[in-house]
2 protein chains.
Amino acid sequence: MTAMRLFQEKGYESTSVADILKAAGANSGSLYHFFHTKQDLLLEVLRRYRDGIAPMLLEPAWRGIADPIARVFALLARYREALVASECSYGCPIGNLALELHEPDPPVRQAIATNFDGWVDAIERCYIDASARLPATTDRRALAVFTLSIMEGGVMQARTQRRIEDFDRSVAMLRDFVALLERQAKEQRGTT
Amino acid sequence: MTAMRLFQEKGYESTSVADILKAAGANSGSLYHFFHTKQDLLLEVLRRYRDGIAPMLLEPAWRGIADPIARVFALLARYREALVASECSYGCPIGNLALELHEPDPPVRQAIATNFDGWVDAIERCYIDASARLPATTDRRALAVFTLSIMEGGVMQARTQRRIEDFDRSVAMLRDFVALLERQAKEQRGTT
DNA sequence: AGCTTAGTTGAACGATCAATCAAGTCAAGA
DNA sequence: TCTTGACTTGATTGATCGTTCAACTAAGCT
């Protein structure tokens with residue numbers, strides 16, 4: 001869908017229906033035949049993002065990578081690549097929408113939340129798969145939510161500073177944290 | 001300035017000049033006498049936020065708190081309070097602007113970046129003040145950037161999930177990380 | 001009193017917005 | 001061949017947007 005690309009590039013509010021129609025080479029009537037409102041179109045786009053998390057995001061990022069912790073950082077590396085390739089103007093489309101729409105209609109907010117849930121679920125599974133290497137007391141879900149915070153916050157800073165370093169610094173600290181957790185887990189395993 | 005409140009509540013694009021005028025009880029001519037464009041008004045708002053970081057944000061958050069690490073979490077607690085008080089609809093106004101404006105004019109981007117810098121500077125100073133308790137190898141600046149990422153990411157998730165837990169989880173993980181760093185620093189001090 | 005100037009008023013402008021709709025096309029089924 | 005219904009066309013609508021401007025007010029200076 002052309003609308004996906006435009007919402008990503010220019011944001012939802014800044015993309016007019018006319019923009020979408022011109023880019024797609026269609027007329028307004030055709031679009032409104034399938035989507036009753038612009039918001040319906042947005043909901044469809046969000047549905048596609050949700051359905052695309054596994055095949056379009058995780059699968060390419062994790063190809064050839066089996067280690068669950070390495071997978072976490074491989075996913076983060078994808079966002080880094082997108083930032084670098086766009087000279088730090090790329091932004092996570094879901095994160096953009098999350099802050100762009102200040103008081104979104106409930107279905108839209110829910111659709112964005114579902115996208116976040118899908119991302120966090122996938123990362124949580126990584127940490128669960130790596131459970132043996134993490135302290136028993138560490139909440140895997142919290143760690144996954146934390147990881148999403150760092151990704152979104154890192155992208156936000158890199159974008160507004162036009163500087164990849166701020167993303168890298170955030171990820172580097174997460175790496176240090178995970179390394180410390182692994183060390184702690186090893187110690188605890190040794191003493192029981 | 002009334003515009004500050006409205007930009008915060010509804011976002012920049014969603015706040016029309018007419019909204020501001022009505023809320024302020026003024027006429028368009030008066031506003032445009034002082035600000036040539038709506039964007040000029042935004043720049044003034046961003047200037048006020050920047051000038052307000054110390055007196056309006058840090059000073060109240062840190063009143064009666066001397067410990068530099070405690071100060072970091074006291075500041076994060078302020079954002080938590082704002083979230084709770086607004087039933088998780090509050091958002092950091094700078095973060096909102098950072099993602100709302102997808103291709104902002106250079107002066108606007110710069111003004112947002114300056115606000116981030118001011119925040120990160122303040123937190124970096126905390127970590128520098130706590131230097132004796134942190135490993136020598138840990139980059140204080142990176143830790144401060146990391147902290148901002150977690151705050152912005154945590155606010156973003158709590159807002160879209162309408163759930164304070166996602167903010168709390170992010171902050172809790174940061175707390176664990178800092179505790180591990182302090183423990184690591186203590187060990188290293190002991191072995192040298 | 002007269003002049004200057006900072007600030008105010010509010011109607012108006014053109015642009016752009018999401019959305020509509022009557023009229024048309026076209027392929028499949030009866 | 002005729003009918004039906006899915007889909008397309010594109011001009012048009014009314015609302016709203018940021019911005020402008022000529023006219024006006026009021027305070028300060030000479």
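Numbered from 1 within each chain, the chains take letters A, B, ... in sequence-line order.
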**Message:** Let's see if you can work this out: which of dT8(D), dG18(D), dA19(C) has an atom nearest to the side-chain heavy atoms of H33(A)?
**Reply:** dT8(D)

Nearest-Å distance for atom pair [atom1]/[atom2], residues [X] and [N]:
X	N	atom1	atom2	result
D19(A)	dA15(C)	CG	P	17 Å
F34(B)	dT20(D)	CZ	C1'	17 Å
F35(B)	dG7(C)	CZ	C1'	14 Å
I20(B)	dG10(C)	CD1	P	18 Å
Y32(B)	dT9(C)	OH	P	16 Å
L41(A)	dA19(C)	CG	C1'	13 Å
E13(A)	dT16(D)	CD	P	15 Å
L42(A)	dA18(C)	CG	P	12 Å

**Asked** Does S30(A) or N27(B) map to a spot on DNA chain C nearer the 5' end, using the closest nucleotide for each?
**Response** N27(B)

**Asked** Any Lys/Arg nitrogen of E182(A) or K186(A) sitting under 4.0 Å from an Asp/Glu carboxylate oxygen of the other?
**Response** no

**Request:** Flag the pair D117(A) and R141(A) as a salt bridge only when some basic side-chain nitrogen lies within less than 4.0 angstrom of an acidic carboxylate oxygen.
**Result:** yes

**Item:** Aromatic ring pairing F177(B)/F146(B), orientation class (parallel under 30°, perpendicular over 60°, tilted between)
**Value:** perpendicular

**S16(B) vs dT16(D): side-chain N/O to OP1/OP2 distance below 4.0 Å** = no

**Request:** Please state whether the base of dA12(C) and the side chain of S28(B) form at least one donor-acceptor pair under 3.5 Å?
**Result:** no

**Message:** Using a 4.0 Å heavy-atom cut-off, does V17(B) contact any base of the nucleic acid, only the sugar-phosphate backbone, or nothing at all?
**Reply:** base

**Prompt:** Does S89(A) offer a backbone N or O that forms a donor-acceptor pair with the side chain of R159(A) under 3.5 Å?
**Reply:** yes

